[in-house]
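Remarks on the structure that follows.
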Amino acid sequence: MKKILVTGGCGYIGAHTVVDLLENGYEVISIDDNSRSGTYLLDGIEKITGTKIKNYNVDLKNFDETRAVFQENEDIQGIIHFAAYKAVGESVAEPLMYYENNLFSLVNILKCAKEFNIPNFVFSSSCTVYGNPDKIPVTESSPTKKAESPYGATKQMGETIVEDFSKVQACNTILLRYFNPVGAHPSIHIGELPLGRPQNLVPAITQCAIGKIQEMTVHGTDYPTRDGSCIRDYIHVCDIAHAHTLALEFLINKKNESACEVFNLGSGNGVTVLEAIAAFEKVSGRKLNYRLGPRRPGDVVAIYANNDLAKSALNWDVKYDLDDMMRTAWEWELKIKEDEELIKAQNAVLN
Ligand code: WQD
């Protein structure tokens with residue numbers, strides 16, 4: 001059984017990927033310092049798969065502690081690196097915290113990959129590297145633009161670091177550019193747990209609908225789009241997760257070549273904010289309390305993916321549609337309302 005190290009395995013996309021890896025016969029360990037996540041999702045992974053994976057509560061900025069995990073696990077066949085801070089607005093306010101956390105962590109994990117000759121490495125990147133594209137849908141060869149935030153800059157720099165590493169190390173590497181991951185596992189045992197007031201659209205919708213926040217704002221309805229609101233490519237987190245398992249298989253079956261591969265992970269469909277809200281209202285049966293507000297600084301007007309390359313090279317397909325995304329997101333919001341106290345208690349212990 002091949003052992004895979006997932007960094008950020010207690011987080012939203014990490015946990016869903018751990019489930020997919022386990023269901024596809026891999027052994028999985030996680031490194032997660034739980035600074036932005038608790039162990040609630042580890043419990044959820046166990047409920048879905050019957051497997052309680054080991055999480056090393058280690059800060060990847062601490063090289064010695066990170067290295068010790070590799071010394072204890074000599075048989076790691078691949079690394080999937082999710083662990084990073086990802087709040088666009090926070091990154092503007094705290095740039096050094098973002099550069100230190102996201103880049104020091106990446107360099108340390110790559111230093112371990114070098115020392116322990118790990119043959120396969122998958123990097124969690126983002127469509128944010130495209131900035132405001134001139135032409136949509138974007139392909140992997142669409143020009144990347146100066147990032148609109150330090151968060152986006154850490155993803156661009158991270159891609160360069162991985163590419164340069166792959167030129168001098170016998171390690172197969174892949175960059176996966178996510179569009180907008182949303183929704184929850186159909187079992188509703190795992191999902192997104194935003195810290196504080198959600199900045200992202202779908203958790204803002206579900207928290208407004210359940211009453212955690214009184215009202216949500218549509219950031220801008222005067223854009224040059226079909227209904228004036230921004231266009232994004234929403235993709236179910238389970239489709240993203242399965243793409244990671246396929247990316248790993250792609251690397252494992254590949255001869256050792258230096259070229260670093262890049263793939264867009266998007267549904268290929270552009271959806272406006274108002275269309276997303278309408279889809280939520282349809283599947284939840286709830287009328288959303290929202291107001292039309294001003295544009296949010298740094299927002300991209302419209303972006304969605306050309307995902308042909310990932311579909312052909314990884315033999316990947318998008319299984320969940322917008323209604324599935326909204327339905328599972330809503331069911332998850334209802335579920336965590338029941339477990340609110342448990343989640344608070346677990347986070348309090350860890351942080
Ligand atoms: C989507 C649209 C908002 C909240 C960012 C990162 C990306 C990834 C996902 C980490 C925009 C609008 C939102 C609200 C709104 N991050 N919106 N009211 O900005 O496309 O992407 O998060 O992996 O890398 O760049 O996602 O969900 O924040 O916003 O109108 O209360 O929804 O203005 O048009 P975004 P988002």
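Each ligand, and each atom within it, is numbered from 1 in the order the structure gives. Side-chain atoms are counted along with the backbone in the values below, which use heavy atoms only and exclude waters and symmetry mates.
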Between the side chain of [X] and the main-chain N/O of [Y], is any donor-acceptor distance below 3.5 Å?
X      : Y      : answer
Asp233 : Gly268 : yes
Glu261 : Leu175 : no
Thr225 : Gly228 : yes

Next on the checklist: Would Tyr26 and His244 count as a ring pair (Phe, Tyr, Trp, His ring centres under 6.0 Å) here? Give the steps.
Outcome noted: CA-CA 12 Å; Tyr26 290 93; His244 285 75; over 10 Å; no

Can you sort out which atoms of ligand 1 are near [X], meaning under 4.0 Å from one of its heavy atoms?
X      : answer
Val218 : 30 (O)
Cys230 : 34 (O)
Met216 : 14 (C), 18 (N), 31 (O)
Val273 : 2 (C), 12 (C), 30 (O), 32 (O), 34 (O)

Next on the checklist: Under 4.5 Å between side-chain heavy atoms, counting indirect links through other Ile/Leu/Val/Met/Phe/Trp/Tyr residues: same cluster for Leu251 and Val28 or not?
Outcome noted: yes

Next on the checklist: Do Val300 and Tyr130 land in one hydrophobic cluster if side-chain heavy atoms of ILVMFWY residues count as linked below 4.5 Å?
Outcome noted: yes

Please report which non-hydrogen protein atom sits nearest to [atom], along with the residue it belongs to and the distance in Å to one decimal place.
atom                    : result
atom 2 (C) of ligand 1  : Tyr234 OH, 3.7 Å
atom 5 (C) of ligand 1  : Asn200 ND2, 4.0 Å
atom 25 (O) of ligand 1 : Val88 CG2, 3.6 Å
atom 15 (C) of ligand 1 : His219 CD2, 3.3 Å
atom 29 (O) of ligand 1 : Arg296 NH2, 3.3 Å
atom 23 (O) of ligand 1 : Tyr151 OH, 3.2 Å
atom 18 (N) of ligand 1 : Thr217 O, 2.7 Å
atom 7 (C) of ligand 1  : Ser126 OG, 3.9 Å

Using a 4.0 Å heavy-atom threshold (strictly under), name the region of [X] that reaches ligand 1: side chain, backbone, both or neither.
X      : answer
Val300 : neither
Arg232 : side chain
Asn180 : side chain
Lys155 : neither

Show the nearest heavy-atom pair for residues [X] and [Y], with the distance to one decimal.
X      : Y      : answer
Asn55  : Ser30  : OD1-OG, 2.7 Å
Ser149 : Val92  : CB-CG2, 4.2 Å
Lys287 : Glu281 : NZ-OE2, 3.1 Å
Ala84  : Lys155 : CB-NZ, 4.2 Å

Next on the checklist: If I apply the N/O under 3.5 Å rule, does Leu201 come out as touching ligand 1?
Outcome noted: yes

Next on the checklist: Minimum distance, heavy atoms only, to atom 31 (O) of ligand 1: which one of Gly293, Ala204, Ser229 is it?
Outcome noted: Ala204

Checklist entry - Near Lys3 NZ, under 6.0 Å, is it more than 12 heavy atoms from other residues, nucleotides or ligands? => result yes

